[in-house]
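Only one structure is covered here, and it is reproduced in the block below.
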Amino acid sequence: QVQLSESGGGSVQAGGSLRLSCAASGNTDSSAYMGWFRQVPGKGREGVASIDNVGGITYADSVKGRFTISQDSAKNTLYLQMNSLKPEDTAMYLCAHSTAAWGLRFRLLPGTYLYWGQGTQVTVSS
């Protein structure tokens, strides 16, 4: 099993930045790739970005050029640097861990992930 714990959320004004962190513990050697998702009440989880251990990265079109996903394998920590934030970025942000071998184009789909954190809230005001 893998346990995930997110931090770094908060309230910022439009144009501001936040850096989210996700600390992983447990059987982290089983990782194929990890991802960030976001969810607003009443809607499904939206894939934001994913990263694997050989540099494979994918982003949702809505965040390309503004968000950067990275990981520190030594610390078992996943990051999401969010710049130029917009009010429409307001959501609960969750990190997720996959042990499956899905290709890049599938990695923003929540069904390809097995373990999930509880999330950290990001609120962007205009």
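Sequential numbering from 1 along the given sequence is applied to the chain's residues.
- The shortest side-chain heavy-atom distance between Glu6 and Leu20 does not fall under the 4.5 Å cut-off.
- When all heavy atoms are compared, the tightest approach of Arg66 to Ser84 is NH1-O, 3.0 Å.
- The side-chain hydrogen bond (donor to acceptor under 3.5 Å, both in side chains) check on Thr112 picks up Tyr33, with sequence neighbours excluded.
- Between the Tyr59 side chain and the Ile69 main chain, a donor and an acceptor come within less than 3.5 Å of each other.
- Shortest non-hydrogen contact noted between Leu108 and Phe37 is O-CE2, 3.4 Å.
- Linking Ile, Leu, Val, Met, Phe, Trp and Tyr whenever their side-chain heavy atoms come within less than 4.5 Å puts Phe106 and Trp116 in one cluster.
- Residues Gln13 and Leu85 are not in side-chain contact: their nearest non-hydrogen atoms beyond the backbone lie 4.5 Å or more apart.
- Listed here is the closest heavy atom pair of Leu80 and Ala49: CD1-CB, 4.4 Å.
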request  = Evaluate the criterion side chain to side chain contact (heavy atoms under 4.5 Å, CB included) for residue pair Met82 and Asp89; output intermediate values, then yes/no.
outcome  = CA-CA 9 Å; Met82 304 187 296; Asp89 294 319; over 6 Å; no
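- Counting heavy atoms from C-beta outward, Asn83 and Ser17 have side chains that approach closer than 4.5 Å.
- The hydrophobic clustering, which links ILVMFWY residues whose side-chain heavy atoms are closer than 4.5 Å, places Leu109 and Leu4 apart.
- No chain of hydrophobic side-chain contacts below 4.5 Å, direct or via other Ile, Leu, Val, Met, Phe, Trp or Tyr residues, connects Trp36 to Tyr113.
- Residue Tyr115 is grouped with residue Met34 when hydrophobic side chains (ILVMFWY) are merged at heavy-atom distances under 4.5 angstrom, including chains of intermediate members.
- Residue pairs meeting the side-chain hydrogen bond (donor to acceptor under 3.5 Å, both in side chains) criterion with at least one member in residues 46-58, sequence neighbours excluded, are Arg38-Glu46, Asp52-Arg107, Asn53-Gln71.
- In terms of heavy atoms, Ala32 sits closest to Ala100 at CB-O, 2.9 Å.
- Val2 and Leu114 fall within the same hydrophobic cluster, where Ile, Leu, Val, Met, Phe, Trp and Tyr residues are linked whenever their side-chain heavy atoms come under 4.5 Å apart, directly or through other members.
- Considering every non-hydrogen atom in both Pro87 and Ser126, the closest pair reads CG-CB, 3.9 Å.
- Without hydrogens or angle criteria, Thr90 side chain to Val124 main chain gives a donor-acceptor distance under 3.5 Å.
- Nearest heavy-atom pair across Leu18 and Gly8 is CD2-O, 3.8 Å.
- In this structure, CG on Asn27 lies 7.5 Å from NE2 on His97, to the nearest 0.5 angstrom.
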